[in-house]
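Read through the structure below, which is laid out as C-alpha cells, and then see the notes.
Because only heavy atoms are used, hydrogens play no part in the values below, and waters and symmetry mates are left out as well, while side chains stay in. We're numbering straight along the sequence, starting at 1. For ligands, and for the atoms within them, numbers begin at 1 and follow the listed sequence. Just so it is clear, the model here is predicted, and its values are computed rather than measured.
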Amino acid sequence: MKKIKRIGVFTSGGDSPGMNSAVRAVVRTAINYKLEVYGIHRGYKGMIRGEFEKMTSKSVAHIIQQGGTFLRSARSKEFRTIEGRKKAYTNLVKNKIDAVVVIGGDGSFKGAGIFSQEYDIPFVGMPGTIDNDMFGTDYTIGFDTALNTVTEAIDKIKDTAHSHDRTFFIEVMGRDAGFIALKAGIATGAEMVLIPEIEGQEEKLEKYLSTTKKTSSIIIVAEGNNVGGAEKIAKAFGKRFKEHGVRVNVLGHMQRGGSPTAFDRYLASRLGVAAVDALMDNQRSVMMGYANHEVVHVPFNKTIKGKRGIGEELLRVNEILSK
Ligand code: F6P
C-alpha cells in the first residue's frame, strides 16, 4: 500500500446541514496525522475541472455551526463516463492526492466505488444527506437538522390549521424514503403520514377524511409516496371533502439548510475523525456508519445495494399515537 501523505475531501450530491462540520473534522484529523489535505470544490464536477484548494486548520475555523457546504456540492453526469473519471484521476495525480474522503449519498458512493475499481486511489465515505436512507447507518449527517426544521414548520402550520378548522397536506423531502415524514409525524402528532414504504394509503386517507370528528388535521406527505404529491392529493380530496377547508404546504429546500443541530455536528465530527483513521488503516471503499452509538465500516457495495427499512416499531408508534 502506498504511504498516504496527502488526502482530498469533497461534498457531493444534495447538500445537508453538518457537511461543514464533516469537512472540518476531516481537515483537522488529517493535520493531526501530519498529512496535507486538499478541499475539492463542487464534488466530482470540481474534481474533473481541477478545482482543488489546499486546506489549513484555519480554512475550517468558525464553520461547524454553518449550514450548507463551503466546498459547495454538485451532481456530475460527466463523472459517470470513463472520460470524466479519467480527467478526475489526472487531476488527483497532478495534485498528488493519495486518498479521498467523499461526503455524500449513495450516488456519490456509487461513483467512488466505480472509480476505485479503475484507479488505485482509495476512497472512504461519510453519509451526508437529509434523507436518512442509507443502509448500514442509523443516521445520516443532516437528517436530525432537517427533522427539526420540518417539526418547527409543522408546529406553526398546526396553529393556523386549528384556528381555521382546516386540513393541511404538508409535503416533505426524503426522495424515495419516508424517514423525515414518519419521524416528523410522530414528533408533531400528525393525524396521517403518507410514505413510499406503505401501500394502499389512498383508501386509508379516504376513510379518515370521511369519518374523522376532528375539525383540523395535519397530513404529512413524503414526496416519494405512491398516492402522489401534496398538491395533487389536496386537489383531488379538497374537491370531495370541501368541509375540511383543505390547504397545501410544500416545505421544499428549506429542509436542506439551517445551522446543524448539536447531534449533526457531533455525528459529523465523529465520522470525520473515523474516516481519516480508516484511510490511515489502509481501508478503502467503506462508508463510516453510526450504529448503536458506535462507528461502523460499511462497504460501499453494501450501502449502495442495501435498502433501509422503515421499521415496524416506528410504524406502530405512529399508528397508536396519531389517533
Ligand atoms: O437527497 C436529498 C434531496 O433533498 C431529496 O430529499 C430531494 O428529493 C432531492 O435532494 C432534491 O434534489 P435537488 O436539490 O437537486 O432539487
ILVMFWY cluster, Phe79 and Ile114 together (side-chain gap under 4.5 Å): no
Test: Asp131 and Arg308 ion pair at under 4.0 Å: no
Lys204 and Glu319 ion-paired at < 4.0 Å: yes
Can you give each donor-acceptor pair under 3.5 Å made by side-chain atoms of residues 176-195, sequence neighbours left out, with the distance rounded to 0.1 Å?
from	atom 1	to	atom 2	distance (Å)
Thr188	OG1	Ala184	O	2.7
Glu191	OE1	Ile218	N	2.7
Glu191	OE2	Lys214	NZ	2.9

Let me have the donor-acceptor pairs involving side chains of residues 273-281, under 3.5 Å, with sequence neighbours excluded, atom names and distances please.
from	atom 1	to	atom 2	distance (Å)
Asp277	OD1	Tyr33	OH	2.6
Asp281	OD2	Gln283	NE2	3.1

Which side-chain N or O atoms in residues 289-301 pair as donor and acceptor under 3.5 Å with protein atoms at least two apart or in another chain?
from	atom 1	to	atom 2	distance (Å)
Tyr290	OH	Tyr266	OH	3.4

Check ligand 1 against the protein and report each N/O to N/O distance under 3.5 Å, formatted as atom name, atom name, distance.
from	atom 1	to	atom 2	distance (Å)
ligand 1	1 (O)	Asp131	OD2	2.7
ligand 1	4 (O)	Arg256	NH1	2.8
ligand 1	6 (O)	Asp131	OD1	2.7
ligand 1	6 (O)	Gly174	N	3.0
ligand 1	6 (O)	Arg175	N	3.4
ligand 1	6 (O)	Glu223	OE2	3.4
ligand 1	8 (O)	Glu223	OE1	3.4
ligand 1	8 (O)	Glu223	OE2	2.6
ligand 1	10 (O)	Arg256	NH1	3.1
ligand 1	14 (O)	His253	NE2	3.0
ligand 1	14 (O)	Arg256	NH1	2.9
ligand 1	14 (O)	Arg256	NH2	3.0
ligand 1	15 (O)	Arg75	NH1	2.5
ligand 1	16 (O)	His253	NE2	3.2

